[in-house]
2 protein chains.
Amino acid sequence: MKILIVDDEEMIRAVLREYIEFEGGEADEASDGMEAVKLCRERDYDVILMDVMMPRLDGFSAVKEIRKFKQTPVIMLSARGEEYDKLFGFEIGSDDYVTKPFSPKEVMARIHAVMKRGKGAQTSQEVYEFEGLHIDMEGRTVTVDGEKAELTPKEYELLFYFVRHNGVALTRERLLNKVWGYDFYGDDRTVDTHVKMLRGNLKEYRKFIVTLRGLGYKFEA
Amino acid sequence: MKILIVDDEEMIRAVLREYIEFEGGEADEASDGMEAVKLCRERDYDVILMDVMMPRLDGFSAVKEIRKFKQTPVIMLSARGEEYDKLFGFEIGSDDYVTKPFSPKEVMARIHAVMKRGKGAQTSQEVYEFEGLHIDMEGRTVTVDGEKAELTPKEYELLFYFVRHNGVALTRERLLNKVWGYDFYGDDRTVDTHVKMLRGNLKEYRKFIVTLRGLGYKFEA
DNA sequence: TAATGTATGTCAAGCGGTTGTCAAAACGCA
DNA sequence: TGCGTTTTGACAACCGCTTGACATACATTA
């Protein structure tokens, strides 16, 4: 049980951590949204506890950002009445919410509930939508403006890796290591060819794959 | 899972529908009691979500009316404190209630609870119909255009697993683990052979089993 | 601005891997 | 033992990956 606690109040983080560790869990802490996003890129969490009101990047925006590359369940922590509508609609993709002041026990209960749910569903619903580009990793389908795109295995893997690292600059070397595997010994221009094919299949959405001269590529949507 | 949502606020209906459909359910909507009664006469629902305060015919009266001809489980949605006593006593024949503002997650949990309760009476038989392909898991029968298909045990298990994961990309490894069991140590090409046999038995509906080159297979209907 | 070198885009062809298919062998149950 | 089922191995057909060559775009320097 790995939890990320995101709150600007150290006291709150400390209390939650206490409870999580008491139950044998592991907790990381972030004091604002930016930090949270960064940590999420680096590690996988079972649940994220996310405060709404924070400096730099607020909770809603942070979840939105994280959703671009991960589907980790999120429980929002908010002051009563604070942006209530958003919480209600879960427009930003959170899975539950708790209003402050909350009892740590309640939070723990929600954590367990969310984790249980996730296990039941089993599938971590990796579905992305960028304008008219629809990507379903579970079903291994990609549609461009509603029309199904027929990709080759490598193209799927490459695209999925791109999407999971949306906005991250990727060198050819890293792509070869991660998509082709560490045991691949070949020309790194191979990447270029596959990017070309992938771009062709993405039609107008080829624009999402940006060339970084002297470096590699980046998926940006 | 067929749900009828009755509420005069379109926003609330939309949110609930979203959640129901996300879980693979089907939802109809009514904006007042009269409409709800009308729809209930025409169709059978697994659960009805019924708001209390509505124009024309209120929730309590609507349930009373529906109870005259159907026993569909009802979950009442009401503002906190609103006619609390009635809700609490379930005098009007509702099976559960949720007070607004509620979290959609909570509502979903109640739906599951109510449906589970109801299941004791009538087992939700796992019967699937894809065009002319009829699959009855409980009866362990498969008919192709009305003609019974004779499958071997493994073929049944494989098909059932496929159907239960309709639209999901499945690797040979996963199929071996789930259908053959984790203790199977053999060639993963074994899957191919069984897929071949299964396809042969499904005749024209072999098309539902899609090959995902470099990965495995997917059932898609 | 022109010249030059480097990086990337693009394409086609051959090779190698993956899958469809079948038959024979191995297995398991009555 | 005998039968149906499962698994394995072999072969053919097919498809995708990789590579090398050339074209083009970009950056650097004079």
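Quick note on labels: first sequence line is chain A, next is B, and so on, each numbered from 1.
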(message) For B:Tyr217 and A:Tyr217, find the nucleotide of DNA chain C closest to each by heavy atoms; which residue's nucleotide sits nearer the 5' end?
(response)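 Upstream on the strand: A:Tyr217.
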Residues [X], [Y]: salt bridge by 4.0 Å N-O rule:
X: B:Lys207; Y: B:Glu131; result: yes
X: A:Arg172; Y: A:Asp192; result: yes
X: B:Asp28; Y: B:Arg43; result: yes
X: A:Arg17; Y: A:Glu10; result: no
X: A:Arg56; Y: A:Asp32; result: yes

(request) Looking only at side-chain atoms of A:Asp192, point me to the closest of D:dC17, C:dG9, C:dT21. (result)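 Among D:dC17, C:dG9, C:dT21, the one nearest the side chain of A:Asp192 is C:dG9.
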(message) Side chain of A:Lys196 only, heavy atoms from C-beta on: which candidate in D:dG16, C:dC11, C:dT21 is closest?
(response) C:dC11
Nucleotide N/O to protein N/O under 3.5 Å, stretch nucleotides 3-6 of chain C:
from: C:dT6; atom 1: O2; to: A:Arg213; atom 2: NH2; distance (Å): 3.3

(message) Would you say that more than 12 heavy atoms from the other residues, nucleotides or ligands in this model lie under 6.0 Å from the CD of B:Glu204, or not?
(response)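 Count over threshold, so yes.
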(message) Is it the case that atom CE in A:Met197 sees more than 12 heavy atoms from other parts of the structure closer than 6.0 Å?
(response)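 No.
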Would you list the protein and nucleotides 7-9 of chain D atom pairs, both N or O, that sit under 3.5 Å from each other?
from: D:dT7; atom 1: OP1; to: B:Trp180; atom 2: NE1; distance (Å): 3.4
from: D:dT7; atom 1: OP2; to: B:Trp180; atom 2: NE1; distance (Å): 2.7
from: D:dT7; atom 1: OP2; to: B:His194; atom 2: NE2; distance (Å): 3.2
from: D:dT8; atom 1: OP2; to: B:Asp187; atom 2: N; distance (Å): 3.2
from: D:dT8; atom 1: OP2; to: B:Thr190; atom 2: OG1; distance (Å): 2.9
from: D:dT8; atom 1: O4; to: B:Thr193; atom 2: OG1; distance (Å): 3.3

(message) Less than 4.5 Å apart, side chain to side chain, heavy atoms only: is that true for B:Tyr45 and B:Ile66?
(response) no
(request) Quick one: do B:Lys2 and B:Glu26 satisfy salt bridge (Lys or Arg N to Asp or Glu O under 4.0 Å)? Show the steps, please. (result) CA-CA 5 Å; B:Lys2 239 186 266 177; B:Glu26 209 183 330; 5.2 Å; no
(request) Name every residue in residues 204-212 of chain B that has at least one heavy atom under 4.0 Å from any atom of DNA chain D, in order of residue number, or write none if there are no such residues. (result)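 By residue number: none to list.
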